[in-house]
Participant: 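Would you mind keeping the following structure in view while I ask a few things?
Excluded from the calculations below are hydrogen atoms, water molecules and symmetry mates; all remaining heavy atoms, backbone and side chain alike, are included. Since the model is a prediction, treat every value here as computed from it, not as a measurement.
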Amino acid sequence: MQETRLDTARIRVARRVIDPVFLDTPLYRCEALEPGLGCTVSIKLETANPVRSFKARGTEVVASLLADHASRAVVCASAGNLGQALAWSGRGRGLDVTVVASRFATRAKLDRIRALGAGLELVDGDHEMARERAAAIARYDGIRLVEDSLDIETCEGAATIGLELVGTAPSFDTVLIALGGGALATGVGHVVKALAPEVEVICVQPLGAPAMTHSWRRRRVVTTDSTDTIADGVAGRHPIPAVLDDLLLVADDAVLVQEASIVAGMRMLLGHAGLVVEPSAALGIAAILEDRDRFAGRHVVTIVCGSNVDVDAYHRWVGAAPIRAS
């Protein structure tokens, strides 16, 4: 495999600085999902932790490095999950954390960021505007800017999930990974292609937020003017060139799924796996629903990457149709 920005040796070291509460997350076959999907399905569950997403694997690495610096202040832009994770990791290491987010972000995520002790600044725009404001704060105050997916720590922290996947048995044929900024996809993809190259790495993004998928397909950065998806955690408009370069080396495919399929995936995960998940975490199930023939006969792992969801919105989505047992 051609070299990405990631390093497998550093990823192994990262496991030693990440709080064990975020490591060795459940990985299990979910037979109840299989009749409706037509393939063997295993779940890698990244929601059973204090911030209910995979993001803390990366922020733990960031915070462990910052704890040794004279300047202990840090700022990031977040749709919600990264901000919670950085607030949690920073609180445990005495860091001064500021999170910039859209005021239209999921209320539950914003409330949790505040509860974890981080400063929260809201902007009257989307996540891209939050990124611009966070960068301005970092420049003005001379503090560390954490940029999800660009900062290698966020990718290599997420990559520890890949180490856990390839170290298990029985083996699997395909891994489905939610694609937003790219930290999860490039991190897990790097490890899988380095240690289990026969496994197909498929990234999944909403049709209403397709920038990174279009970029992967055209092998150049493609931006969009807006996003239109309930999957706020992956709703970026401006892919980062260096992250795209990594993705081009580790992803076998990138697919787009419809909103109805995302909702159907959330319902299936609730009804057949007992899991309340945010829309981004249902992207893998949505991909199987939209192309059952492709996955028929395969053993597929899907990474359930987050469960920070607005309760009222969740009930509107999942409660819109009855959940049928398989």
Participant: Got Pro239 and Val221 here, is their nearest side-chain heavy-atom distance under 4.5 Å?
Facilitator: yes
Participant: So do Thr302 and Ile285 actually touch side chain to side chain, heavy atoms under 4.5 Å?
Facilitator: yes
Participant: Using the rule that Ile, Leu, Val, Met, Phe, Trp and Tyr join whenever any side-chain heavy atoms are under 4.5 Å apart, tell me whether Val123 and Ile143 fall into a single cluster.
Facilitator: yes
Participant: Which atom names give the shortest non-hydrogen contact between Leu248 and Trp216, and what distance separates them?
Facilitator: CD2-O, 3.4 Å
Participant: Would you check if Arg52 and Arg112 make a side-chain contact, meaning some heavy-atom pair closer than 4.5 Å?
Facilitator: no
Participant: Check this for me, if you would: do Asp24 and Arg15 make a salt bridge, where the nitrogen-to-carboxylate-oxygen distance has to be below 4.0 angstrom?
Facilitator: yes
Participant: I'd like to know if the side chain of Arg72 and the backbone of Asp96 have a donor-acceptor N/O pair within less than 3.5 Å.
Facilitator: no
Participant: Which atoms form the tightest heavy-atom contact between Ser78 and Val99, and what is the distance?
Facilitator: CB-CG1, 3.9 Å
Participant: May I ask you to check whether over 12 heavy atoms, not counting those of Asp228, lie within 6.0 Å of atom CG?
Facilitator: no
Participant: Please tell me if the side chains of Glu259 and Val263 come closer than 4.5 Å, counting only heavy atoms from C-beta onward.
Facilitator: no
Participant: Does Arg292 reach the main-chain N or O of Cys39 with its side chain, forming a donor-acceptor pair under 3.5 Å?
Facilitator: no
Participant: Can you name the nearest heavy-atom pair linking Thr154 to Ser149, along with the distance?
Facilitator: OG1-N, 2.9 Å
Participant: Inspect the contact between Lys109 and Asp232 and indicate whether a charged nitrogen and a carboxylate oxygen are less than 4.0 angstrom apart.
Facilitator: yes
Participant: How close do His190 and Thr8 get, heavy atom to heavy atom, and via which atoms?
Facilitator: NE2-OG1, 3.0 Å
Participant: Report the C-alpha separation of Lys193 and Asp252 in whole Å, then their side-chain angles, then the decisive distance to 0.1 Å, and conclude whether the side chain to side chain contact (heavy atoms under 4.5 Å, CB included) test is met.
Facilitator: CA-CA 10 Å; Lys193 286 305 176 186; Asp252 294 299; 2.7 Å; yes
Participant: Of Arg57, Arg144, Lys55, which meets salt bridge (Lys or Arg N to Asp or Glu O under 4.0 Å) against Glu153?
Facilitator: Arg144
Participant: If only atom types and distance count, is the side chain of Asn49 paired as donor or acceptor with the main-chain N or O of Ser53 below 3.5 Å?
Facilitator: yes
Participant: Look at the side-chain heavy atoms of Ile, Leu, Val, Met, Phe, Trp and Tyr, link any pair under 4.5 Å apart, and say whether Val97 and Leu66 land in one connected group.
Facilitator: yes
Participant: Of all the heavy-atom pairs spanning Tyr314 and Leu275, show the shortest one and how long it is.
Facilitator: OH-O, 4.0 Å
Participant: Would you check if the side chain of Gln258 reaches a backbone N or O of Leu207 as a donor-acceptor pair within less than 3.5 Å?
Facilitator: no
Participant: Please tell me if the side chains of Val192 and Val166 come closer than 4.5 Å, counting only heavy atoms from C-beta onward.
Facilitator: yes
Participant: Is there a side chain to side chain contact (heavy atoms under 4.5 Å, CB included) between Cys155 and Asp246 once you walk through the steps?
Facilitator: CA-CA 10 Å; Cys155 302; Asp246 290 339; 5.7 Å; no
Participant: Start with the C-alpha gap between Leu110 and Leu122, add the side-chain angles, then the distance that decides, and say whether side chain to side chain contact (heavy atoms under 4.5 Å, CB included) holds.
Facilitator: CA-CA 9 Å; Leu110 300 181; Leu122 302 179; 4.0 Å; yes
Participant: Just checking, any donor-acceptor pair under 3.5 angstrom between side chains of Thr40 and Glu34?
Facilitator: no
Participant: Are the side chain of Asp126 and the backbone of Met129 linked by a donor-acceptor contact shorter than 3.5 Å?
Facilitator: yes
Participant: So how far is it from Ile18 CD1 to Thr160 OG1, rounded to the nearest 0.5 Å?
Facilitator: 4.0 Å
Participant: Hey, what do you get for CG (Leu165) to CG (Leu27), rounding to the nearest 0.5 Å?
Facilitator: 6.0 Å
Participant: Within the distance-only criterion (no hydrogens, no angle test), does the side chain of Arg107 pair as donor or acceptor with the backbone N or O of Asp310 below 3.5 angstrom?
Facilitator: no
Participant: Using side-chain heavy atoms (C-beta onward) and a distance below 4.5 Å, is Leu176 in contact with Leu283?
Facilitator: no
Participant: I'd like to know if the side chain of Ser102 reaches the main chain of Gly125, judged simply by a donor and an acceptor atom lying under 3.5 Å from each other, with no hydrogens or angles considered.
Facilitator: yes
Participant: Using modelled atom types and a 3.5 Å cut-off, is there a donor and acceptor pairing between side-chain atoms of Ser89 and backbone atoms of Leu86?
Facilitator: no
Participant: Taking 4.0 angstrom as the limit, do Glu128 and Arg237 come out as a salt bridge?
Facilitator: no
Participant: Look at Arg93 together with Glu60 and state whether they make a salt bridge at an N to O cut-off of under 4.0 Å.
Facilitator: yes
Participant: Out of curiosity, Ile230 CD1 to Trp317 CH2, how far, rounded to the nearest 0.5 Å?
Facilitator: 4.5 Å
Participant: Is any side-chain heavy atom of Ile262 closer than 4.5 Å to one of Val257?
Facilitator: yes
Participant: Going hydrophobic residue to hydrophobic residue with side-chain gaps under 4.5 angstrom, can you get from Trp88 over to Leu184?
Facilitator: no
Participant: What's the separation between atom CD in Gln84 and atom CG in Asp111, rounded to the nearest 0.5 Å?
Facilitator: 9.5 Å
Participant: Using a 6.0 Å cut-off, check whether atom CD of Glu121 has over 12 heavy atoms from anything other than its own residue.
Facilitator: yes
Participant: Closest approach of Ala118 and Ala87, non-hydrogen atoms and distance?
Facilitator: CB-CB, 3.7 Å
Participant: Taking C-beta and beyond as the side chain, do Ile303 and Ile161 meet within less than 4.5 Å on heavy atoms?
Facilitator: yes
Participant: Nearest 0.5 angstrom please: Arg298 CZ to Asp173 CG, how far?
Facilitator: 7.0 Å
Participant: Hydrogens and angles aside, do His299 and Ser171 bring a side-chain donor and acceptor to less than 3.5 Å of each other?
Facilitator: no
Participant: Roughly how far, to the nearest 0.5 Å, is the CG atom of Asp148 from the CG atom of Leu82?
Facilitator: 4.5 Å
Participant: In terms of hydrophobic clusters joined by side-chain contacts under 4.5 Å, are Leu6 and Leu65 together?
Facilitator: no
Participant: Please say yes or no: joined through hydrophobic side-chain contacts below 4.5 Å, possibly via intermediate residues, are Leu256 and Leu247 part of one cluster?
Facilitator: no
Participant: Which is it for Phe172 and Val199 under the side chain to side chain contact (heavy atoms under 4.5 Å, CB included) test, yes or no, and what are the steps along the way?
Facilitator: CA-CA 7 Å; Phe172 52 95; Val199 173; 3.5 Å; yes
